[in-house]
Amino acid sequence: MIYFLTYVISGFCNIIILMIVIQAIMSWFVPMFPDSLRRVYNGLDMVTDPFIRPFRRLTQRFTYSIGIDFSPLIAIIAIQMVNRLIIILMYAFFR
C-alpha cells in the first residue's frame, strides 16, 4: 500500500512540475500563438498559478529589476523538496 501511495504522490508532483515547465516555455511565445494555443496556455496558467504565485510574490522585486522570472524554478525545487519529505515521512511512520 505504501508503495502505491508513494507512486501516486510522486506521479502527481511530476505532472505538476511538467506542467510548470511547459507553461514557462510557452510563456516565451504567447504573442505568436493562435487562439487555440492561447486557450491551452491559459488553462496551464490556471492550473500552475497556485503553485507559482507564492514564489512570484517573493521574487517580485528581483524579477522587475532583472527581467527574468525565477518563480517557476523555485516552485519546482519546492515541489520536489515537499515530495521527498512526504515520502520520507511515509516510510518512517508506516513501515
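Residue numbers run from 1 in the order of the sequence given.
Closest approach of Met90 and Ile2 over heavy atoms only: O-CD1, 3.2 Å. Pairing each heavy atom of Phe55 with each of Ser71, the nearest pair is C-CB, 3.7 Å. Contact record, Pro72 with Asp69: CD-O, 3.6 Å, taken as the closest heavy-atom pair. The nearest pair of heavy atoms linking Pro50 to Pro54 is O-CD, 3.5 Å. Minimum heavy-atom separation, Arg38 to Pro31: NH2-O, 3.2 Å.
Side-chain contact between Phe51 and Met19 is absent, with no heavy-atom pair separated by less than 4.5 Å. Ile20 places a side-chain heavy atom less than 4.5 Å from the side chain of Ile79. When side chains are defined from C-beta on, Asp45 does not count as touching Met26, because their heavy atoms never get closer than 4.5 Å. You'll find the side chain of Val8 stays beyond 4.5 Å of the side chain of Phe12, heavy atoms only.
Summarising the geometry, atom CG belonging to Leu37 is positioned 11.0 Å from atom CG belonging to Asn42; distances are rounded to the nearest 0.5 Å. With rounding to the nearest 0.5 Å, the separation of CD1 in Ile52 from CD in Gln23 is 5.0 Å. Interatomic distance, Leu44 CG to Ser27 OG, rounded to the nearest 0.5 Å: 11.0 Å. Interatomic distance, Asn83 CG to Thr6 OG1, rounded to the nearest 0.5 Å: 9.0 Å.
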**Request:** Apply side chain to side chain contact (heavy atoms under 4.5 Å, CB included) to the pair Ile16 and Ile76, showing each step before the final yes or no.
**Result:** CA-CA 9 Å; Ile16 294 297; Ile76 289 171; over 6 Å; no
**Asked** So Met81 and Leu85, side chain to side chain contact (heavy atoms under 4.5 Å, CB included) or not? Walk me through it.
**Response** CA-CA 6 Å; Met81 289 173 57; Leu85 179 66; over 6 Å; no
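No continuous path of hydrophobic side-chain contacts links Met46 to Val30 [ILVMFWY only; heavy atoms under 4.5 Å]. Under the 4.5 Å side-chain heavy-atom criterion for Ile, Leu, Val, Met, Phe, Trp and Tyr, Ile68 and Ile77 are members of the same hydrophobic cluster. Following chains of ILVMFWY side-chain contacts shorter than 4.5 Å, one cannot reach Val21 starting from Ile74, and the two form parts of different hydrophobic clusters. A chain of hydrophobic side-chain contacts below 4.5 Å, direct or via other Ile, Leu, Val, Met, Phe, Trp or Tyr residues, connects Tyr41 to Ile15. Cluster annotation: Ile17 and Ile25 are assigned to the same hydrophobic cluster (Ile/Leu/Val/Met/Phe/Trp/Tyr, side-chain heavy-atom contacts under 4.5 Å, transitive).
Side chain of Asn14 to backbone of Ser10: a donor-acceptor contact under 3.5 angstrom is found.
Remark: Tyr91 OH is packed, more than 12 non-hydrogen atoms of other residues, nucleotides or ligands lying under 6.0 Å away.
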